[in-house]
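Index from 1, following the sequence. Predicted, not measured: the structure shown is a model, and the values here were computed from it.
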Amino acid sequence: MKRLIWLCFVISAQAQLQDVSGSKIKAHVKFLSSDLLEGRGVGTRGGELAADYIASQFAVAGAKPAGDNGTYFQAVPLVGVSTQPNSTLTATSGGKTLNFKWQDEFVGATHLQKPSEKFDAELVFVGHGIVAPEYQWNDFKDVDVRGKVIVLFTNEPQPENPELFKGNALTYYGRWTYKYEQALRMGALGAIIVHTTPTAGYGWDVVRNSWSKEDPQVRLEPGQPALAFAGWITQDAGEKLFGLAGKTVDEMLKAADSRDFRPMPLGIRIRGNFNAKIRKIESKNVVAMLPGTDPKLKDEYVIFTAHWDHLGIGVAVNGDNIYNGAIDNATGCGILLETARAWASLEQKPRRSALFLAVTAEEAGLRGSEYYAQHPVVPLAKSAVDINYDALFPGGRTKDVVTLGAERTTVWPFVQEAAQRYQYEIQPDPHPEQGSYYRSDHFMLARAGVPSFSVETGTLFYGKSPEYSAETFRAYNTLHYHQPSDEFHDDWDFSGIEQAARFGMLIGLNVANSEVMPTWNAGDEFLPARTASGVK
């Protein structure tokens with residue numbers, strides 16, 4: 001009988017999935033990326049408008065508030081740190097002094113959340129700054145960097161053994177967020193990343209535009225340690241800096257690729273004098289829910305996520321200073337809102353409940369999802385899966401789909417079933433060197449143990465050449481990613497995004513009606529956290 005009821009539900013749900021509308025998603029994207037919202041910066045008028053709009057659309061859809069005190073909002077306490085242009089960074093060795101230029105040669109912020117911070121410290125090169133026992137890799141060895149400033153590269157070593165660090169696929173050890181976290185764990189005073197386009201995966205303009213604006217940071221607790229400075233310098237500035245020690249960027253990169261690498265004190269004093277505007281920000285995650293029907297399973301939730309924030313108003317490019325974030329991530333928000341509407345309209349509701357979570361401050365380092373993972377509305381052990389949407393390209397229907405990380409979870413059979421239903425080929429991450437799995441909000445829930453992955457449109461577009469996708473990615477990554485030119489276009493084709501939304505919703509529905517609580521596959525890096533939460 002249960003099987004018959006389930007089949008009837010599937011047939012009904014699949015028919016209603018056709019109601020998921022690309023035109024409705026398009027309308028959300030157009031509004032959320034309009035100049036009216038001024039780039040949806042965290043702690044700004046435009047950001048508040050975006051959060052309020054999303055909450056109002058959840059209400060219109062019939063989704064219930066799931067935030068604080070019966071509202072649609074979960075307060076996320078942040079501190080905005082705006083480094084001022086008169087801040088200085090200098091390096092001295094052997095009577096020579098280098099003065100680096102703000103934005104042209106360096107960017108960054110203090111994590112101490114103070115209006116003024118000065119330091120004068122020894123500079124130590126630590127390769128890629130990685131401590132990875134499972135790979136028998138330690139860039140710090142037994143060198144004490146407490147009270148010193150470390151300089152390093154982002155990304156991972158490129159040793160001769162391709163099995164180390166999953167080869168070309170970037171792991172979290174390669175992400176810039178990890179670098180600062182590890183620097184703090186080692187007791188460093190500060191950390192400076194030397195940018196190169198190959199190691200970062202994007203140009204300096206992306207770093208400059210992201211780091212020249214206000215940096216929203218999770219508010220420190222009294223006595224909580226933090227870096228005096230976390231920042232970047234350009235490759236040319238890196239050449240000058242290493243030149244004081246008689247080294248080059250290429251030499252340092254090569255040295256960092258060896259397991260035998262040892263930290264190098266460079267005989268350089270690095271001095272910082274940072275002035276910052278500091279303000280408290282009460283930002284918001286937007287949270288809504290739709291209840292399930294099963295008496296036992298309705299306390300468990302399928303979660304859908306997308307981040308609502310972008311870069312706000314920043315450095316002008318070609319006279320435009322509004323970073324609209326149409327693709328990144330008005331598209332994901334559009335899918336989130338349309339999924340909530342379609343889920344609410346289901347004639348036969350699923351057994352588990354659904355939670356719709358639009359998070360803040362993703363662009364600042366996944367701050368909103370990090371805060372949610374530490375203060376979940378739904379217990380982590382009751383969170384069945386997180387399906388995330390971030391920066392989907394509106395280029396039309398594709399023959400394939402990308403599900404970043406789904407194969408690592410026991411949700412994988414549902415993903416395969418949904419792909420068969422929509423005649424999708426499931427493709428691996430087309431750009432594993434970008435480390436996309438560790439760059440979006442699902443990662444913070446995954447790290448907390450919740451089986452999590454992102455759904456992305458594929459690369460094989462109907463009616464277009466195989467080269468179209470590669471050229472489209474190159475153009476977006478180099479010309480529009482984190483640029484004011486990430487703007488809405490009326491001629492965008494949302495048919496592929498519509499299909500991806502239906503695909504993701506079908507996965508969520510099947511998980512919502514399954515008997516078994518999902519988890520991670522044996523041996524996965526996130527399985528211990530899932531087990532610790534109480535899920536077997």
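- Taking the six-membered ring where tryptophan is involved, the planes of Y172 and Y438 are tilted, since the angle between them lies from 30° to 60°.
- For the residue pair N329/Y389, the side-chain donor-acceptor check at 3.5 Å is not satisfied.
- In plain terms, the two heavy atoms of G238 and V194 that are nearest each other are CA-CG1, 4.1 Å.
- The number of heavy-atom neighbours closer than 6.0 Å to NZ of K118, taken from other residues, nucleotides and ligands shown, is 12 or below.
- Sorted by first then second residue, the ring-ring contact (aromatic ring centres under 6.0 Å, His included) pairs that include residues 444-465, not counting sequence neighbours, are F461-Y468.
- Ring planes of F274 and F106: perpendicular class, angle over 60° (limits at 30 and 60°).
- Only one option out of F153, F125, F140 pairs with F261 in a ring pair (Phe, Tyr, Trp, His ring centres under 6.0 Å); it is F125.
- Scanning both residues, S452 and L445, for their nearest heavy atoms gives OG-CB, 3.6 Å.
- With sequence neighbours excluded, no residue forms a side chain to side chain donor-acceptor pair (under 3.5 Å) with N99.
- A donor-acceptor contact under 3.5 angstrom links the side chains of N388 and S440, judged on distance only.
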Note to self: Using side chain to side chain donor-acceptor pair (under 3.5 Å), reason through T88 and N273 one step at a time and then give a plain yes or no.
What the structure shows: CA-CA 5 Å; T88 60; N273 185 356; 4.6 Å; no
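- Pairs passing the salt bridge (Lys or Arg N to Asp or Glu O under 4.0 Å) check and including a residue from residues 233-255, sequence neighbours excluded, read E105-K240.
- Contact record, G174 with E156: N-OE2, 3.4 Å, taken as the closest heavy-atom pair.
- Residue pairs that meet the side chain to side chain donor-acceptor pair (under 3.5 Å) test with at least one member in residues 193-202, sequence neighbours left out, are T196-T199.
- Salt bridge status for E525 with R408: present, with a side-chain N to carboxylate O gap under 4.0 Å.
- With hydrogens and angles ignored, the 3.5 Å screen pairs a side-chain donor or acceptor of Q113 with a backbone N or O of V218.
- In terms of the side chain to side chain donor-acceptor pair (under 3.5 Å) criterion, residue partners of E362 (sequence neighbours excluded) are, by chain and number, H307.
- For the pair D328 (side chain) and A391 (backbone), a donor-acceptor distance under 3.5 Å is absent.
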Next item on the list: Run the numbers on F393 and F473 for side-chain contact (heavy atoms from CB on, under 4.5 Å), then give the verdict.
Entry: CA-CA 9 Å; F393 183 72; F473 175 80; over 6 Å; no
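- Judged as a salt bridge (Lys or Arg N to Asp or Glu O under 4.0 Å), the pairs with a partner in residues 455-474 (not counting sequence neighbours) are, in order, E471-R474.
- Under the rule for a side chain to side chain donor-acceptor pair (under 3.5 Å), the partners of E214 that lie at least two apart in sequence or sit in another chain are R279.
- The closest donor-acceptor contact from the side chain of R269 to the backbone of D120 lies under 3.5 Å.
- To the nearest 0.5 Å, the span separating CG on D139 from CD1 on I150 amounts to 9.5 Å.
- A distance-only check finds no donor-acceptor pair linking the side chain of D390 to the backbone of G332 [under 3.5 Å].
- No donor-acceptor pair under 3.5 Å is formed between the side chain of S212 and the backbone N or O of N209.
- With D144 contributing its side chain and R146 its backbone, the two residues share a donor-acceptor pair below 3.5 Å.
- The number of heavy-atom neighbours closer than 6.0 Å to CG of N318, taken from other residues, nucleotides and ligands shown, is 12 or below.
- For the residue pair P85 and W102, the shortest heavy atom distance occurs at CA-CD1, 3.7 Å.
- Pairs of residues two or more places apart, or lying in two chains, that qualify as side chain to side chain donor-acceptor pair (under 3.5 Å) and include a residue from residues 124-135 are E134-Y173.
- Relative ring orientation between Y180 and W211 is described as perpendicular, the plane-to-plane angle rising above 60° on a 0-90° scale split at 30° and 60°.
- Each salt bridge (Lys or Arg N to Asp or Glu O under 4.0 Å) pair with one or both residues in residues 391-404, not counting sequence neighbours, would appear here, but there are none.
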Margin query: Run the side chain to side chain donor-acceptor pair (under 3.5 Å) test on N86 and Q84 for me, step by step, so that the C-alpha distance in whole Å, both residues' side-chain angles and the decisive distance to 0.1 Å come before the verdict.
Written below: CA-CA 5 Å; N86 63 355; Q84 297 302 288; over 6 Å; no
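- Considering only residues two or more places apart in sequence or on other chains, K30 meets the side chain to side chain donor-acceptor pair (under 3.5 Å) condition with D490.
- The main-chain N or O of N155 is found under 3.5 Å from a side-chain atom of K179 such that the two form a donor-acceptor pair.
- Scanning all heavy atoms of the two residues, the minimum distance from L37 to L32 falls at CD2-O, 3.7 Å.
- Residues forming a ring-ring contact (aromatic ring centres under 6.0 Å, His included) with Y424 (at least two apart in sequence, or on another chain): F503.
- Closest of all the heavy-atom pairs between V402 and D429 is CG1-CA, 4.2 Å.
- In this structure, Y323 and H310 have tilted ring planes: the angle between them lies in the 30° to 60° band.
- Note that CG of D386 and OG of S369 are 9.0 Å apart. Values are rounded to the nearest 0.5 Å.
- Residues passing the ring-ring contact (aromatic ring centres under 6.0 Å, His included) test with Y437, sequence neighbours excluded: H442.
- With salt bridges taken as basic N to acidic carboxylate O contacts below 4.0 Å, one links D142 and R262.
- A donor-acceptor pair under 3.5 Å links the side-chain atoms of R40 to the main chain of W308, judged by distance alone.
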Next item on the list: Before giving the answer on side-chain contact (heavy atoms from CB on, under 4.5 Å), spell out for L244 and L266 the whole-Å C-alpha distance, their side-chain angles and the decisive distance to 0.1 Å.
Entry: CA-CA 8 Å; L244 290 176; L266 297 176; over 6 Å; no
